[in-house]
Amino acid sequence: QVQLVEAGGESVQTGGSLRLSCRASGFTASYYCTTWFRQAPGATQREGVAGFATYTGDTYYSDSVKGRFIVSRDSTKNILYLQMHNQTSDVTGMYYCAAGPGTRCAQWWSVRENFRTWGQGTQVTVSS
């Protein structure tokens with residue numbers, strides 16, 4: 001059973017940087033698509049903001065974070081990272097790590113319904 005544990009969320013000031021981590025264990029499939037989702041305060045939907053394909057190392061970003069966030073993975077430790085730069089208030093939210101077996105991540109990395117394995121989330125708050 002795959003388990004995901006996020007860490008690194010905290011309160012930061014506008015313009016600051018932050019790095020989130022997602023430690024994974026129990027992978028049984030050879031390749032996974034992994035995505036960071038954000039759920040804004042009061043929102044019911046989760047937005048896929050950054051994805052990583054373990055098969056190719058390809059990365060994917062939503063338009064809202066492109067150029068500011070970097071997703072990466074340490075394959076030796078099975079940790080997915082999300083480096084967040086130049087934070088603005090719209091970044092505030094609960095960040096969840098999700099994983100699903102597969103290789104064609106470009107087709108489905110940002111769709112919440114495609115993922116069955118989720119972490120518990122880590123809170124990021126950006127304020128001026």
Side-chain angles (χ1 to χ4, degrees):
Q1 179 180 355
V2 178
Q3 291 187 323
L4 304 171
V5 179
E6 302 96 331
E10 62 182 66
S11 295
V12 296
Q13 290 190 327
T14 302
S17 296
L18 194 63
R19 189 176 78 162
L20 307 183
S21 64
C22 172
R23 183 178 295 272
S25 61
F27 279 123
T28 56
S30 297
Y31 302 107
Y32 280 79
C33 300
T34 53
T35 295
W36 285 100
F37 285 84
R38 175 176 66 217
Q39 186 165 354
T44 57
Q45 296 297 318
R46 295 180 184 179
E47 175 194 10
V49 296
F52 187 96
T54 64
Y55 179 60
T56 59
D58 288 343
T59 57
Y60 314 95
Y61 299 96
S62 66
D63 288 341
S64 63
V65 306
K66 197 171 295 182
R68 296 191 294 157
F69 288 11
I70 300 173
V71 61
S72 62
R73 178 175 176 259
D74 184 335
S75 59
T76 63
K77 299 179 181 178
N78 253 340
I79 300 176
L80 184 74
Y81 296 102
L82 184 66
Q83 181 70 53
M84 311 163 75
H85 294 293
N86 194 20
Q87 304 263 43
T88 54
S89 59
D90 64 311
V91 169
T92 294
M94 185 71 81
Y95 283 74
Y96 297 91
C97 176
T103 57
R104 298 184 179 181
C105 302
Q107 300 176 1
W108 54 277
W109 72 272
S110 64
V111 181
R112 175 183 182 176
E113 288 73 21
N114 291 329
F115 294 87
R116 291 187 294 177
T117 302
W118 294 80
Q120 82 288 351
T122 187
Q123 177 68 37
V124 173
T125 302
V126 181
S127 58
S128 58

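Just so you know, residue 1 is the first one in the sequence shown, and it goes up from there.
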Please check if V12 and Y81 belong to a single hydrophobic cluster, counting links between Ile, Leu, Val, Met, Phe, Trp and Tyr side chain heavy atoms closer than 4.5 Å.
no

Run the numbers on S21 and E6 for side-chain contact (heavy atoms from CB on, under 4.5 Å), then give the verdict.
CA-CA 6 Å; S21 64; E6 302 96 331; over 6 Å; no

Can you tell me how far the CD atom of Q107 sits from the SG atom of C33, to the nearest 0.5 Å?
9.5 Å

For W108 and G102, work out which heavy atoms get closest and say how close.
CZ2-CA, 4.2 Å

Are any of the side-chain heavy atoms of R46 and Y95 separated by less than 4.5 Å?
no

Heavy-atom pair with the smallest gap, counting every atom of Y60 and C105
CE1-CB, 3.7 Å

Between F37 and F115, how do the two ring planes meet: parallel, tilted or perpendicular, split at 30° and 60°?
perpendicular

Is there a side-chain contact (heavy atoms from CB on, under 4.5 Å) between F52 and T35 once you walk through the steps?
CA-CA 6 Å; F52 187 96; T35 295; over 6 Å; no

Does the structure place the NZ or CZ of R38 under 6.0 Å from the centre of the six-membered ring of Y96, at an angle of no more than 45° from the ring's axis?
no

Under 3.5 Å donor-acceptor, T122 side chain and A7 backbone
no

Would you please test H85 and L18 for side-chain contact (heavy atoms from CB on, under 4.5 Å) and show each step?
CA-CA 7 Å; H85 294 293; L18 194 63; over 6 Å; no

Salt-bridge present (R68, D90; N to O < 4.0 Å):
yes

Check whether any side-chain heavy atom of L20 lies under 4.5 Å from a side-chain heavy atom of Q83, and answer yes or no.
no

Look up atom OG in S17 and atom CG in N86, then write down how far apart they are to the nearest 0.5 Å.
7.5 Å

Can you see which heavy atom on S62 is nearest to which on W109, and at what distance?
N-CH2, 3.7 Å

Verify the neighbour count for atom CZ of R23: are there more than 12 heavy atoms of other residues, nucleotides or ligands below 6.0 Å?
no

Can W36 be reached from M94 by stepping across I, L, V, M, F, W or Y side chains whose heavy atoms are under 4.5 Å apart?
no

Expected output: side-chain Q39 to main-chain A43 donor-acceptor under 3.5 Å:
yes

How are the rings of F27 and Y32 set to each other: parallel, tilted or perpendicular (split at 30° and 60°)?
tilted

For residues L4 and T117, determine if any side-chain heavy atom of one lies less than 4.5 Å from a side-chain heavy atom of the other.
yes

First locate atom OG1 of T59, then atom NZ of K66, and finally report the distance between them rounded to the nearest 0.5 Å.
10.0 Å

Would you call V124 and M84 a side-chain contact if the rule is heavy atoms closer than 4.5 Å?
yes

Whether Y55 and Y31 hold their rings parallel, tilted or perpendicular, with breakpoints at 30° and 60°
perpendicular

For the residue pair T92 and Q123, what are the closest heavy atoms and their distance?
CG2-NE2, 4.2 Å

How far apart are the closest heavy atoms of T44 and R112, and which atoms are they?
O-NH1, 3.3 Å

Looking at every heavy atom in both G93 and P41, which two are closest together, and how far apart are they?
CA-CD, 4.2 Å

Under a 4.5 Å cut-off applied to non-hydrogen side-chain atoms, are L80 and C97 in contact?
yes

Evaluate the side-chain proximity of E47 to S64: yes if any heavy-atom separation is below 4.5 Å, no if none is.
yes

Is there a side-chain contact between V71 and Y61, using heavy atoms and a 4.5 Å cut-off?
yes

